[in-house]
Participant: 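Following this message is one structure expressed as structure tokens.
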Amino acid sequence: MANSDGPTERELEILKILWNMRQATVRRVYEYMRQREDIAQNTVQTFLRMMEEKGLVSHKLQGRAFVYRPLYSRGKVLARFLNRIFDGAVDQLVLNAVEIAGLSIEEIEDLEKKLRAARSSRQADSGLDQRAPL
């Protein structure tokens, strides 16, 4: 059963752990979460089972342990956020992020460099002149 509403805040927290670890047992997710809050291992296990029902994660059996991996990507979270909050306007997302983060001149220059590289890559993919200014 796929989830059209996306993950809840708690599910996002668990997804972040799985994104960073690529895959993890219930115990590893629990141990990570336990460092930040008082939570029971069976609560983590219940969340992971519900997340699997929603299509956010999958598991494989390794010995006696279930090893979970994320099916819902950071890109899906970002796309959902972009569409819900900014109506798909990437430029507004980036401008708001730059403003909120309070980037230094050096960080803005680095971002501009990355945008130029992305542009060059897109132009190469489409066969356009790569010398056009940004």
Participant: Okay, side chain of E107, backbone of S104: is any donor-acceptor separation there less than 3.5 Å?
Facilitator: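 Yes; at least one donor-acceptor contact below 3.5 Å.
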Participant: Would K113 and E109 pass as an ion pair if we require N to O under 4.0 Å?
Facilitator: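 A salt bridge is absent here (no side-chain N lies under 4.0 Å from a carboxylate O).
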Participant: For the atom pair CE (M51) and CG (L18), what is the distance rounded to the nearest 0.5 Å?
Facilitator: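 With rounding to 0.5 Å, CE (M51) is 6.5 Å from CG (L18).
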Participant: Is any side-chain heavy atom of L15 less than 4.5 Å from a side-chain heavy atom of V57?
Facilitator: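 Yes, their side chains come closer than 4.5 Å.
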Participant: Whether the side chain of S120 engages the backbone of R116 through a donor-acceptor N/O pair (distance < 3.5 Å, no angle test) should be reported.
Facilitator: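 Side chain of S120 to backbone of R116: a pair is present.
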Participant: Can you check whether P7 reaches Y72 side chain to side chain, under 4.5 Å on heavy atoms?
Facilitator: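 Counting from C-beta outward, P7 and Y72 do come under 4.5 Å.
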Participant: Can you tell me if S121 uses its side chain to pair, donor with acceptor, with the backbone of A117 under 3.5 Å?
Facilitator: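 Checking the backbone N and O of A117 against the side chain of S121, no donor-acceptor pair under 3.5 Å is found.
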Participant: Hey, are the side chains of L71 and L56 touching, using non-hydrogen atoms and a 4.5 Å cut-off?
Facilitator: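 No, too far: nothing below the 4.5 Å cut-off.
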Participant: Is R10 atom CZ crowded by more than 12 heavy atoms from other residues, nucleotides or ligands, each under 6.0 Å away?
Facilitator: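 Yes.
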Participant: Within the 4.5 Å heavy-atom criterion, are R49 and V44 side-chain neighbours or not?
Facilitator: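 SC-SC contact between R49 and V44 ruled out.
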Participant: Please tell me if the side chains of H59 and R69 come closer than 4.5 Å, counting only heavy atoms from C-beta onward.
Facilitator: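 In short, these two side chains do not touch, never coming nearer than 4.5 Å.
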Participant: Do D110 side-chain atoms and E106 backbone N/O form a donor-acceptor pair below 3.5 Å?
Facilitator: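 It does not hold such a pair.
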Participant: Please determine whether the number of non-hydrogen atoms from other residues, nucleotides or ligands lying under 6.0 Å from atom CG of L61 exceeds 12.
Facilitator: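 Check passes, neighbour count above 12.
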Participant: I'd like to check N96 versus F86 (side-chain heavy atoms, cut-off strictly below 4.5 Å). Are they in contact?
Facilitator: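 A side-chain contact exists here, since the closest heavy-atom pair is under 4.5 Å.
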Participant: Going by heavy atoms in the side chains, are T25 and Y68 under 4.5 Å from each other?
Facilitator: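 When only atoms from C-beta onward are counted, Y68 and T25 do not touch, as no gap falls below 4.5 Å.
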Participant: How close do N83 and G88 get, counting heavy atoms only, and between which atoms?
Facilitator: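 Heavy atoms only, the tightest pair is OD1-CA, 3.6 Å.
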Participant: Just verifying a value: how many Å separate M33 CE and I14 CD1, rounded to the nearest 0.5 Å?
Facilitator: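 Reported value, rounded in 0.5 Å steps: 4.5 Å.
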Participant: When you compare the side chain of L93 with that of L78, does any pair of heavy atoms fall below 4.5 Å?
Facilitator: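 Sidechains of L93 and L78: in contact.
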Participant: Quick one: pull up CD1 in I17 and CD in Q23 and give me the separation to the nearest 0.5 Å.
Facilitator: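 It is 15.0 Å, given to the nearest 0.5 Å.
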